[in-house]
Structure formats: structure tokens, C-alpha cells
**Student:** 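Quick one: structure below, then a few questions.
Please read all numbers here as calculations on a predicted model, not as lab measurements. Just so we're on the same page: letters track the sequence lines, and every chain starts at 1.
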Protein chains: 2
Amino acid sequence: MDVTAGPRHRGPEDCRGVSTILARIGDKWSMLVVMLLGDGPRRFNEIKRMVGGISQRMLTLTLRGLERDGLVTRTVFPTIPPRVDYELTDLGRSLWQPVEALGNWAFAHLPEIEAARTKFDGKD
Amino acid sequence: MDVTAGPRHRGPEDCRGVSTILARIGDKWSMLVVMLLGDGPRRFNEIKRMVGGISQRMLTLTLRGLERDGLVTRTVFPTIPPRVDYELTDLGRSLWQPVEALGNWAFAHLPEIEAARTKFDGKD
DNA sequence: CTGTATCCTCGTTGATACTG
DNA sequence: CAGTATCAACGAGGATACAG
């Protein structure tokens, strides 16, 4: 599908299909992890540090979810201490593009949004 | 900011800034509403029907949130019965682009992801 | 280091009923 | 039609302890 094409109408069924994916990547941490892994493979604790604020449990669950969806691969090195690398699959890298675009949008418009919030909260 | 540029490293601080926005548009309904409004202004119940499955309460909350962030405008026509139009702002339209790209990605790769899920759940 | 297993809390959501 | 108010339920997420 050509994602560069203009708007195309879709029905509610498609909306819900999209919703399924959105629920996955739209959760609290998945997009951040995907953005992070865009630079290459990372180890568990490396990701944990880079994301910042995520609990061990949630990182595990997030990575499992991404792995389940075929977005990242999990590679275990049977060393002592153990080492596990996570890396974007081809599918993951294809997701990385729109995710990064969204991230860049968020980063670029953060001030605008915060201003809008302040204005909205202030009036009345 | 040029969102078409290649990867650029950002620190955890930026990640959390992005997280703020993601929490907003990454909730259960906001992205679907934004995608919908890309075609032009819609009335409250019109949106409700098109999204499908959203409760009145959640649609209200979602639209309020988007309005607060300066992404949509709310226009009340003092008629009987009342009529309220919601429309994307310029900021909203600028968000619409990456959101639509993500939506198209989701739509395009839905089969792949479902296959990956089945495979992941099946093994072991 | 990289997880798994519990427990517990808090926020989000949905259902329902009511109002201008 | 377009909300608001209230309540109940559920689940995501954090803290902690433990294991390989």
C-alpha cells in the first residue's frame, strides 16, 4: 500500500483493525522502545536505562509483546552473566519510520501543545 | 523540523517529552478520531457512529482532550436541536499526516502481524 | 544480567441515568 | 442532539522479592 497517497475513506471495520495495532504500539512504552531500537540492537538493561522510568516488569512485557507481533527479535547469548539483545526486524524497521515521524512531530510541536493546554485551562 | 531526515539520537529527556504527546494521542480513541476528521468537520454523533464502539462519555472526553491540546476546534450552532461541529486545526492537520501514515502502516501490515502472533502463540 | 512471580493500587473505561 | 454525573469493574502498571 502506498502510504504517501492522499486520504482514502475507510469503514469502521478498518478502524477497528487499525485499533488493534494502535493498542499495541500506542501503549505506554512500545513506541519509545521502537524509536530506541531504530539505532540498532540493544541489551535489556541498556534499553531500560535509555527509556528511563520503566519498570523491569513492564520492559519485559513490552518486549515480549513486540516480539510476539514480529517487530523485534530476541537473541540470547548463553554467557555468564547472560546477555540478551533485542533488535528490530524488517517489519519493525518499517514501523520505525512512521513512528519516528510521529515522534519528531511530537518533539517539534511540544511547545505549541503546552501553550494550547495552558490557554485552554486558563480561560473561563 | 525536517521529519524526513534520517535517525537522530535523542536523550531520555526528549523521550519523556515525546511520551507526553504519545500518552495523549496514543490513548484508546484519539488517533481514530484524528484520522476520521482528516476528511473534514464532523458532528458529535457522526463521529460516534463512524468510530464505532466508543461510548458517549469517552467520545466527549477524547474530543475535550484534543481540543485542549489545540488539535481540534469545537463549534456550537445554537439551533434546536443543538449541533456541534468538530474540525481539525492547522496543528491537528499537521498531526494528521504522521497519524495517517501510521494508520496506513497498521492497515497494510495487519495480516503480517496476525500471522506473527499466531506463530508466536503456537510454538512451544 | 535477565528475567519470573505476586500483590496491590490507581486510572481508565463503560453502563446507566439524567439535563438543556 | 449533545452533553454531564455517578458508579462499578477491569486491567495496566509499579514495587518487591526471588531465580537461573
**Student:** Quick one: which of dA2(D), dT4(D), dG14(D) gets closest to the side chain of T60(B)?
**Tutor:**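 Nearest to the side-chain atoms of T60(B), counting from C-beta on, is dT4(D).
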**Student:** For DNA chain C, which residues of residues 70-78 of chain A approach it to below 4.0 angstrom with any heavy atom?
**Tutor:** R74(A)
**Student:** Check the distance between dT4(D)'s C1' and R64(B)'s CZ and give it to me in whole angstrom.
**Tutor:** 10 Å
**Student:** Please report, rounded to the nearest Å, how far the P atom of dA15(C) is from the CG atom of L59(B).
**Tutor:**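 For the pair L59(B) CG and dA15(C) P, the rounded distance is 14 Å.
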**Student:** I80(A) has an atom CD1; how far is it from atom P of dG20(D), in whole Å?
**Tutor:**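 The answer, rounded to whole Å, is 13 Å.
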**Student:** Would you say R83(B) reaches dA2(D)'s phosphate, i.e. side-chain N/O to OP1/OP2 under 4.0 Å?
**Tutor:** no
**Student:** Of the nucleotides dC1(D), dC1(C), dG3(D), which has the atom closest to the N45(B) side chain?
**Tutor:**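 From the listed options, dC1(D) comes nearest.
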**Student:** Any salt bridge linking D85(B) with R42(B)? Criterion: basic side-chain nitrogen under 4.0 Å from a carboxylate oxygen.
**Tutor:**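 No, D85(B) and R42(B) are not salt-bridged.
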**Student:** Going by heavy atoms in the side chains, are L66(A) and R24(A) under 4.5 Å from each other?
**Tutor:**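 Result yes, sub-4.5 Å side-chain heavy-atom pair found.
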**Student:** Can you see if the side chain of Y86(B) gets near the phosphate of dG3(D) - specifically, an N or O under 4.0 Å from OP1 or OP2?
**Tutor:**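 For dG3(D), OP1 or OP2 has a side-chain N or O of Y86(B) closer than 4.0 Å.
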**Student:** I54(B) has an atom CD1; how far is it from atom P of dG14(C), in whole Å?
**Tutor:**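 Distance check: I54(B) CD1 to dG14(C) P gives 7 Å.
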**Student:** Starting at CD of E46(A) and ending at C1' of dT2(C), how long is that distance when rounded to a whole Å?
**Tutor:** 14 Å
**Student:** What is the distance, rounded to the nearest whole Å, between atom NZ of K48(B) and atom C1' of dG14(C)?
**Tutor:**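 Result: 11 Å.
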**Student:** Quick one: M58(B) CE to dA15(C) P, roughly how many Å, whole number?
**Tutor:** 12 Å
**Student:** Under 6.0 Å from the six-membered ring centre of F77(A) and within 45° of its axis: does the NZ or CZ of R83(A) meet both?
**Tutor:**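 That pair qualifies as a cation-pi contact.
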**Student:** So, do L95(B) and L88(B) sit near enough that their side-chain heavy atoms are less than 4.5 Å apart?
**Tutor:**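 Heavy-atom side-chain distance check fails, nothing below 4.5 Å.
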**Student:** For the side chain of P82(B), counting heavy atoms from C-beta on, which of dC1(D), dC1(C), dG3(D) is nearest?
**Tutor:** dC1(D)
**Student:** How about E67(B) and L63(B): do any of their side-chain heavy atoms sit closer than 4.5 Å?
**Tutor:**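 They are not in side-chain contact.
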**Student:** Side chains of L37(A) and E87(A): does their closest heavy-atom pair fall under 4.5 Å?
**Tutor:** no
**Student:** May I ask you to test the T60(B)-F44(B) pair for a side-chain heavy-atom distance under 4.5 Å?
**Tutor:**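 SC-SC contact between T60(B) and F44(B) confirmed.
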**Student:** OP1, OP2 of dA2(D) versus side-chain N and O of R57(B): anything below 4.0 Å?
**Tutor:** no
**Student:** Nearest whole Å is fine: how far is dA17(D) C1' from Q56(A) CD?
**Tutor:**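 It is 11 Å, rounded to the nearest whole Å.
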**Student:** So, does K28(B) get its side chain near the phosphate of dG14(C), meaning an N or O under 4.0 Å from OP1 or OP2?
**Tutor:**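 Yes, K28(B) has a side-chain N/O under 4.0 Å of OP1/OP2 on dG14(C).
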